[in-house]
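Heads up, the thing below is written out as structure tokens.
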Amino acid sequence: MLAEPKSANSPDISESIVQPSDNFKTSIQSLIQCLDCQCENVLSLQRIASQFNFYKRRLYDVINVYESIGICKKLSVDSLLWIGFSNVLPTLERLVRKERIFEKDYNIDNLSIEETSITISNLTHKFLLLFSALHQTSIDIKQCSKFLSKKNDKFKTILCKLYQITYILESSNIIVKSQKPGEVILNKEYFIENQKIYIHPLLSIDALLNNSENEIDFYEKRRKYFSYETMSEKQKYFTMLCRETFSSPMIL
DNA sequence: ACATCCCGCCAGGCG
DNA sequence: CGCCTGGCGGGATGT
């Protein structure tokens, strides 16, 4: 009756050691494969868990991530509406708009987490928003954790969760892990950038130059701020030294 | 030694 | 009160 057992389906008797998912990733992928062709579908959680060999606890993680990016919606205790991956981009766009990420004076500190309790869906949002906020398709998970945890002391927890989230997103082909340890890359199709960056034909050359310069400028500032905030104290110290020595505006 | 991920305890919520 | 949910982070495993 516990939360963890596999709901025995057919492999009846001799299951000395219960071990649902031989592989978490496999479960996720077969789930996707099976469901994403047939949109708008109501399903039973119990059913999903047993059909795709999920530990119940893990399924909650997947569903939380999926729900937060619009792939599905929990309807009741045991029923789930499957919406599909086509809803991911619209959901992300809505998020970005709501957060006003592209406002020039947007402060990316808004993304860091103050609450003591870190929910998967919240974290998923912040993580994905960061790509747009920094206007780059790759992010280092550790840096990300450091940044998001600057207003609380949950670095380890956030890191652990980010590993989980990225694991799920990777299994779902939304991100890719690069060779560089800790670095994840958002797939192009899910990367939301500011449309305004694609120039207005009507603007004068000057205005145009200024404009795009500003745009680039403030993304660059955010990135610098992000990496600075994310350094160890030692690194910060050296950065300062170098800045004084060479009077160059904050390298790296 | 560090990066990554597994695992399941247990508190809080809900019916 | 029992079951569902999911935050949490120790620690095993991988490289």
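Numbers restart at 1 for each chain; the letters A, B, ... are given by sequence-line order, proteins then strands.
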Which of these nucleotides, [options], is closest to any side-chain atom of [X]?
X        : options             : value
A:Cys160 : B:dC5, C:dG7, C:dC8 : B:dC5
A:Lys154 : B:dC7, C:dG7, C:dG9 : C:dG9
A:Pro181 : C:dG9, B:dG8, B:dT4 : B:dT4
A:Lys142 : B:dC7, B:dA3, C:dG6 : B:dA3
A:Lys156 : C:dT5, B:dA3, C:dG9 : C:dG9
A:Phe24  : C:dG7, C:dG9, B:dC6 : B:dC6
A:Asn64  : C:dG6, B:dA3, C:dC4 : C:dG6
A:Tyr163 : C:dT5, B:dC6, B:dT4 : B:dT4

In terms of relative ring orientation, are [X] and [Y] parallel, tilted or perpendicular, with 30° and 60° separating the classes?
X        : Y        : value
A:Phe131 : A:Phe127 : perpendicular
A:Tyr219 : A:His135 : parallel
A:Tyr167 : A:Phe24  : parallel

Once you apply a heavy-atom cut-off of 4.0 Å, does [X] come out as touching a base, just sugar-phosphate, or nothing?
X        : answer
A:Ser76  : nothing
A:Lys25  : nothing
A:Ile120 : sugar-phosphate

May I have the distance from [X] (atom [atom1]) to [N] (atom [atom2]), rounded to whole angstrom?
X        : N      : atom1 : atom2 : value
A:Ile158 : C:dG10 : CD1   : C1'   : 17 Å
A:Lys74  : B:dG13 : NZ    : P     : 16 Å
A:Asp153 : C:dG7  : CG    : P     : 17 Å
A:Leu123 : C:dC8  : CG    : C1'   : 13 Å
A:Leu80  : C:dT5  : CG    : C1'   : 14 Å
A:Asp61  : B:dC9  : CG    : P     : 16 Å
A:Asn122 : C:dC8  : CG    : C1'   : 16 Å
A:Leu159 : B:dA3  : CG    : P     : 9 Å

Looking at A:Tyr55, does any N or O in its side chain come under 4.0 Å of the phosphate oxygens OP1/OP2 on B:dC6?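 No, outside the criterion.
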Look at A:Tyr60 and C:dT5 and indicate whether a side-chain polar atom (N or O) is within less than 4.0 Å of OP1 or OP2.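 Affirmative; the distance criterion is met.
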I'd like to know if A:Arg58 reaches the base of B:dG8 with its side chain, counting only an N/O donor and acceptor under 3.5 Å. yes
Identify whether the distance between the nearest side-chain nitrogen and carboxylate oxygen of A:Glu229 and A:Lys146 falls below 4.0 Å.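 Salt bridge: no.
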Charged N-O contact under 4.0 Å between A:Asp109 and A:Lys150: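 Salt bridge present between A:Asp109 and A:Lys150.
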Under a plain distance cut-off of 3.5 Å, with no hydrogens placed, do A:Thr230 and A:Gln143 share a side-chain donor-acceptor pair?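 Distance-only check fails for A:Gln143 and A:Thr230.
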